[in-house]
Protein chains: 2
Amino acid sequence: MAKASNGALSASKVYNNYVSVDCVIFGFDFTRLQVLLVDRVMTDPESGAVRFNDLTLTGNHIYEDEDLDAAAARVLFDLTGLQDIYLEQFKTFGSPHRISKENDRAWLRANGRNPDQRIITVGYYSLLATDNVTLEWKGRNVQWMPVDEVKSLAFDHLEILEEALAALRRKLLHEPIGFALLPEKFTLSQLQRIYEVILGVSLDKRNFRKKVARMKYLVPLDEKQKGVAHKPARLYVFDRDQYEANRKDILDFAI
Amino acid sequence: MAKASNGALSASKVYNNYVSVDCVIFGFDFTRLQVLLVDRVMTDPESGAVRFNDLTLTGNHIYEDEDLDAAAARVLFDLTGLQDIYLEQFKTFGSPHRISKENDRAWLRANGRNPDQRIITVGYYSLLATDNVTLEWKGRNVQWMPVDEVKSLAFDHLEILEEALAALRRKLLHEPIGFALLPEKFTLSQLQRIYEVILGVSLDKRNFRKKVARMKYLVPLDEKQKGVAHKPARLYVFDRDQYEANRKDILDFAI
DNA sequence: CTACTTAGTGTGTTTTTTACACTTTAAAAT
DNA sequence: ATTTTAAAGTGTAAAAAACACACTAAGTAG
């Protein structure tokens with residue numbers, strides 16, 4: 001796991017033209033899982049008419065003196081203003097024919113780039129609470145879209161998104177990354193919601209609670225929610241030390 | 001999962017100088033898990049004296065018109081002569097300071113390369129039966145070494161090996177990659193041995209058999225081992241169609 | 001004080017995990 | 001022929017986990 005650092009400030013400003021990072025930024029709001037997408041509008045240079053208008057993930061070339069993790073953190077920072085966000089490298093994409101659709105080639109040409117120059121891109125995903133983000137990005141239009149409504153994206157970004165989502169789900173099943181989405185003190189219903197929304201399943205409340213009750217690093221407080229218009233829930237904290245210490249490496253092969 | 005193809009023959013021969021692949025080739029022989037390493041000897045150009053002699057993983061730059069998976073397959077082919085081998089991309093390494101040890105820098109200079117030129121390398125691991133491989137490689141010395149005896153490697157290759165091993169173990173626990181190590185017809189003891197050796201654990205025979213008995217894609221034959229100096233074991237085959245069909249996506253989070 | 005909303009709780013059943021030791025079958029050795 | 005050697009194969013009881021399922025409790029809003 002990489003944490004965003006202030007690499008944005010320290011990296012030299014010479015781009016490596018062969019390698020980029022792409023960030024799949026997942027946003028969670030207890031209702032659905034969304035992904036942050038950037039509008040791509042191509043207008044005819046003569047008439048000004050819109051030739052196409054679609055969506056991309058966000059990415060950028062790495063700087064020559066910049067670590068991959070740092071580049072991903074920078075891309076995330078540029079788009080969201082957020083630092084120290086959970087970021088995970090999941091796969092590198094490097095097919096020589098990554099860019100083959102005519103729209104994509106035209107767009108690259110219009111931006112002074114050679115569509116035949118293959119770029120290797122290292123895929124990262126991050127996971128954050130949607131409402132931590134104020135969308136505003138250098139005049140370009142940025143939007144959240146529920147992951148299951150994304151039907152097409154520019155370049156090979158749909159494939160990248162699908163791989164990212166699969167990696168995120170795998171990770172969520174085996175490591176406590178969901179806590180990044182919660183306030184320090186949270187309720188079990190909130191925790192359950194994370195699993196339900198991200199995995200796209202529904203879970204039985206009683207069985208869920210029985211399961212997490214076994215986890216020593218989930219510490220109940222003598223404290224309750226306040227100001228809710230129903231029975232207030234008990235609050236819990238995640239004890240990372242306890243987790244690291246007792247993390248039994250689970251041997252349970254399902255072949 | 002990528003399968004080695006004959007990309008070695010079709011790729012154009014212009015190297016991309018910024019991107020390489022490194023292959024961690026794991027060899028299994030029912031006794032231990034080994035890794036294939038290449039001798040690196042640096043001699044003083046004047047005196048001919050050996051300046052150092054250590055070990056590396058094997059890797060190479062990608063060709064400009066070559067897919068990453070194909071490049072990894074090519075590297076594997078060049079070293080082992082094997083094609084269509086299980087190969088898995090697991091992580092990309094790109095720290096600007098990947099090459100910092102003086103031996104490594106000297107070695108690159110001696111080979112006409114700039115040690116300050118950062119190379120992004122995409123890590124792949126493969127898993128094969130040791131005795132499928134005939135070691136011989138263009139005069140360079142290639143050797144198997146048990147993974148737990150590898151204490152240091154050139155460049156950042158020890159880190160790459162460690163990450164590969166962790167990825168291999170994770171994968172083995174969740175997908176049927178072990179069957180690549182078995183003949184078409186195999187015994188349950190052989191299968192068990194794969195898990196024991198690669199995961200570094202020992203498993204109870206009865207419990208293991210109970211567990212795999214539930215797996216429909218493990219098909220018992222009316223056929224036994226021949227010519228063994230003890231009770232011959234029943235033979236089994238792995239039914240991939242059955243596996244693909246019944247592969248229930250397991251929801252069992254251990255947070 | 002009633003309605004509404006979410007929190008919180010228990011039981012019985014089935015499945016899975018775990019720990020554990022002796023008999024069987026073949027070839028090899030005598 | 002008989003014995004030795006080596007790995008195959010098998011069952012049971014106990015504990016833990018998974019699963020299905022429905023009502024009561026505690027707050028705020030009106």
Side-chain angles (χ1 to χ4, degrees), chain A residues 29-31 172-174 182-183 185-197 199-237 246-255, chain B residues 29-32 172-174 182-183 185-197 199 201-237 246-255:
Chain A
D29 65 3
F30 293 101
T31 302
L172 184 67
L173 285 173
H174 300 292
L182 296 170
K185 301 173 182 181
F186 53 85
T187 72
L188 294 188
S189 294
Q190 290 174 321
L191 185 62
Q192 181 177 341
R193 210 67 196 116
I194 289 175
Y195 289 89
E196 292 185 323
V197 168
L199 300 175
V201 296
S202 76
L203 301 172
D204 179 83
K205 185 168 28 165
R206 280 173 290 193
N207 293 337
F208 179 84
R209 280 160 192 253
K210 249 176 290 178
K211 180 152 198 155
V212 300
R214 274 177 253 137
M215 301 166 180
K216 301 276 180 54
Y217 48 83
L218 217 46
V219 184
L221 302 176
D222 280 328
E223 203 175 332
K224 297 186 170 186
Q225 276 183 314
K226 291 236 167 72
V228 288
H230 52 77
K231 177 171 177 177
R234 156 163 267 157
L235 296 173
Y236 287 74
V237 292
N246 290 27
R247 164 198 209 10
K248 48 184 163 220
D249 281 61
I250 302 134
L251 174 67
D252 179 19
F253 55 97
I255 312 200
Chain B
D29 65 2
F30 292 101
T31 302
R32 55 202 178 160
L172 184 68
L173 286 172
H174 300 292
L182 295 171
K185 301 173 181 181
F186 53 86
T187 71
L188 293 188
S189 294
Q190 290 174 321
L191 184 62
Q192 182 177 341
R193 210 68 197 114
I194 289 174
Y195 289 89
E196 293 185 323
V197 168
L199 300 175
V201 298
S202 77
L203 301 172
D204 178 83
K205 183 166 33 164
R206 280 175 290 192
N207 294 338
F208 180 84
R209 279 159 192 254
K210 246 176 293 177
K211 180 151 198 155
V212 300
R214 270 176 256 138
M215 301 166 179
K216 301 276 181 55
Y217 48 84
L218 217 46
V219 184
L221 302 176
D222 281 328
E223 202 176 331
K224 297 185 168 186
Q225 275 183 314
K226 292 236 166 74
V228 289
H230 52 77
K231 177 170 177 177
R234 157 163 267 157
L235 296 174
Y236 288 74
V237 292
N246 291 26
R247 164 196 209 9
K248 50 184 161 218
D249 282 61
I250 301 135
L251 174 67
D252 178 19
F253 54 96
I255 312 199

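A note on names: the letters A, B, ... follow the listed sequences, proteins ahead of strands, and every chain is numbered from 1.
B:R209 comes within 4.0 angstrom of a base, heavy atoms only. B:K211 comes within 4.0 angstrom of the backbone, heavy atoms only, and of no base.
The footprint of chain B on DNA chain D, defined by a heavy-atom cutoff below 4.0 Å, extends from D:dA6 to D:dA18. For DNA chain C, the outermost nucleotides in 5' to 3' order that have an atom under 4.0 Å from a heavy atom of chain B are C:dT16 to C:dA28.
Using a 4.5 Å heavy-atom threshold, the side chains of B:F253 and A:L172 count as separate.
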Would you tabulate the side-chain donor-acceptor contacts of residues 186-193 of chain A under 3.5 Å, counting partners in other chains and residues two or more places apart, or write 'none'?
residue, atom, partner, partner atom, Å
A:T187, OG1, A:S189, N, 3.4
A:T187, OG1, A:Q190, N, 3.1
A:S189, OG, A:R209, NH2, 3.3
A:Q190, OE1, A:T187, N, 2.9
A:Q192, NE2, A:E196, OE2, 3.1
A:Q192, NE2, A:L203, O, 2.9
A:R193, NE, A:F30, O, 3.1
A:R193, NH1, A:E196, OE1, 3.1

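Positionally, the nearest nucleotide of DNA chain D for B:D204 lies more toward the 5' end than for the other of B:D204 and A:R214. When the nearest nucleotides of DNA chain D are assigned to A:G227 and A:N207 by heavy-atom distance, the more 5′-ward of the two goes with A:N207.
Contacts classified as salt bridge (charged side-chain N to carboxylate O under 4.0 Å, His left out) and involving residues 213-226 of chain B (residues at least two apart or in different chains) are given here: B:K185-B:E223, B:D222-B:R234.
With sequence neighbours left out, the side chain to side chain contact (heavy atoms under 4.5 Å, CB included) criterion links A:N207 to A:D204, A:K210. Take A:K231 and apply the side-chain hydrogen bond (donor to acceptor under 3.5 Å, both in side chains) test, not counting sequence neighbours, and it matches no residue.
For the segment residues 228-235 of chain A, the set of residues with a heavy atom within less than 4.0 Å of an atom of DNA chain D comprises A:V228, A:A229, A:H230, A:K231, A:P232, in numerical order.
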